Amino acid sequence: MDVTLFEKIINREIPAEILYEDDLSIVIRDIAPQAPTHLLIIPKKPIEMISKASDDDQMILGHLLLTAKSMASKLDLKDTFRLVINNGAKAGQSVFHLHIHLLSGRSMSWPPG
Ligand code: AMP
């Protein structure tokens, strides 16, 4: 499989604003923010999308959510944020390396578009 855009960011082959990194994940600022705070929580393992994750990925998936939680706390988002995973092109996915969007800083409507 081709190296994903996010693997290139993880490998420092292309630049990004990296806010956090550990053995399993990296957190960057989205290049085209859809809210005043728009982060991407990305596993270092290039899982294509959540529907392709396996039972072996349980720890990584839990880690991503807890990383989102700690980023929200670090950035003082006051328990007001939205986490989004787009799965598949028709659901809005454009980068085929799993990531969680963390959006905050504006009011949001439901249902999402
Ligand atoms: P999705 O459409 O759910 O796959 O989300 C992909 C996200 O990656 C979009 O919100 C893009 O704005 C963002 N993105 C694309 N290229 C970059 C980049 N080089 N650095 C940071 N974010 C990016």
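Counting starts at 1 for both ligands and their atoms, in listed order. Everything numeric here is computed off the predicted structure, so don't read it as measured data.
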Under 3.5 Å, is there a donor on one side chain and an acceptor on the other for N86 and H99?
no

Give the residue, atom name and distance (to 0.1 Å) of the protein heavy atom nearest atom 11 (C) of ligand 1.
D30 OD1, 3.4 Å

Any N/O pair V95/ligand 1 closer than 3.5 Å
yes

Check the angle between the aromatic planes of H101 and H38 and answer parallel, tilted or perpendicular using the 30° and 60° thresholds.
tilted

Ligand 1 to G92 polar contact by distance, N or O atoms, under 3.5 Å
yes

Side-chain heavy atoms of K45 within contact of D57, under 4.5 Å
yes

The closest protein heavy-atom partner of atom 16 (N) of ligand 1 is L5 CD2, 3.2 Å

Please state whether H99 comes within less than 4.0 angstrom of ligand 1, counting heavy atoms only.
yes

If we only count N/O pairs under 3.5 Å, is I31 in contact with ligand 1?
yes

Sub-4.0 Å heavy-atom approach of A16 to ligand 1
no

Mark up the atoms of ligand 1 that fall under 4.0 Å of a heavy atom belonging to F6, in ascending order.
8 (O)

Mind checking whether F81 and M71 sit in one hydrophobic cluster, side chains of I, L, V, M, F, W, Y counted as touching below 4.5 Å?
yes

Counting only nitrogen or oxygen atoms and a 3.5 angstrom limit, does S94 reach ligand 1?
yes

Which atoms form the tightest heavy-atom contact between S25 and H63, and what is the distance?
OG-NE2, 3.4 Å

On a heavy-atom basis, the closest approach of A68 and L102 is O-CD1, 3.5 Å

Ligand 1 contacted by H101 (non-hydrogen, < 4.0 Å)
yes

Consider only side-chain heavy atoms of I, L, V, M, F, W and Y, link residues closer than 4.5 Å, and tell whether F6 and I50 are in one cluster.
no

